[in-house]
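Note that the numbering runs from 1 along the sequence shown for the chain.
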Amino acid sequence: MRKHAIVLVAAVGLLALAGCGRKEPPVPMSSSAPPSIVSMTHDVHVNTLELELVLTGGGEGGVGYQIDRAPIDPYCNCPGFWRRYREVPAQPALVGVNTKVLIDLRGGTIAYAFRIRAVDSLGRLGPWSEIIRARSTLNVPE
């Protein structure tokens, strides 16, 4: 009986240590507005996806953005595995200004999905934008 009690106490202890709390780094609290994309437009010009965004939030440290890209699967017409395509660190100069981002689409036959979100100097992340699908309109080798 005593052996079972020790095993039970040890199992409960291990479960308590392993199962409680968040499993991601803490994010500092701030009274400033969270980072977000206020407006965004996009257009494809031959081999270039042109994004125009206005970012807000972030407090004194400013705001930056992250862009993820995934190839579009031709069979299901859905995004594949998302990968970080570009990351611009938080800067005060990016708050509230119209920022133009150019993305090279050379490769011709591959369609891509892109998503963008704002990030501030504290590491707080805004929500992902709607998915933008883009493909080169001219087949030019890389």
Does N77 form a side chain to side chain contact (heavy atoms under 4.5 Å, CB included) with I72? I'd like the steps, not just the answer.
CA-CA 6 Å; N77 199 26; I72 300 290; 3.4 Å; yes
Shortest non-hydrogen contact from V63 toward T56:
CG2-O, 4.0 Å
What is the distance from atom CG of L102 to atom CD of E52, rounded to the nearest 0.5 Å?
9.0 Å
Answer with yes or no whether the hydrophobic clustering places V119 together with Y85; edges join I, L, V, M, F, W, Y residues whose side-chain heavy atoms lie under 4.5 Å apart.
no
Which heavy atom of P79 sits nearest a heavy atom of I131, and at what distance?
CG-CD1, 4.2 Å
Indicate the atoms forming the closest heavy-atom contact of G61 with P92, along with that distance.
O-CD, 3.7 Å
In R117, R115, H42, the residue satisfying side chain to side chain contact (heavy atoms under 4.5 Å, CB included) with S129 is R115
To the nearest 0.5 Å, what is the distance between CE (M40) and CG (L55)?
10.0 Å
Hey, are the side chains of W82 and D68 touching, using non-hydrogen atoms and a 4.5 Å cut-off?
yes
CG of D104 to CG of N47: how many Å apart, nearest 0.5 Å?
6.5 Å
Please determine whether residues V88 and L125 belong to a single hydrophobic cluster, defined as Ile, Leu, Val, Met, Phe, Trp and Tyr linked transitively by side-chain heavy-atom distances below 4.5 Å.
no
Gap between atom CZ of F81 and atom CG of D73 - 0.5 Å precision:
14.5 Å
Establish whether I116 and V95 are linked, either directly or via other cluster members, by ILVMFWY side-chain heavy-atom contacts under 4.5 Å.
yes
Check L49 against L105 and note the closest heavy-atom contact, atom names and distance.
N-CD1, 3.7 Å
Could you tell me whether R84 atom CZ has more than 12 heavy atoms of other residues or ligands within 6.0 Å of it?
yes
Heavy-atom pair with the smallest gap, counting every atom of R135 and V44
O-CG1, 3.7 Å
Less than 4.5 Å apart, side chain to side chain, heavy atoms only: is that true for L51 and I103?
yes
Write down the atom of G64, the atom of L94, and the distance for their closest heavy-atom approach.
CA-CD1, 4.1 Å
Straight-line distance of R124 CZ to S36 OG, nearest 0.5 Å
10.0 Å
Is there a side-chain contact between V97 and T99, using heavy atoms and a 4.5 Å cut-off?
yes
Around atom CD of E60, are there more than 12 heavy atoms of other residues, nucleotides or ligands at under 6.0 Å?
no
Same apolar cluster (I L V M F W Y, side chains within < 4.5 Å links), L53/F114
yes
List the steps and the verdict of side chain to side chain contact (heavy atoms under 4.5 Å, CB included) for K100 and E50.
CA-CA 7 Å; K100 187 179 282 192; E50 182 179 301; 3.8 Å; yes
In one Ile/Leu/Val/Met/Phe/Trp/Tyr side-chain cluster, 4.5 Å: V101, I37
yes
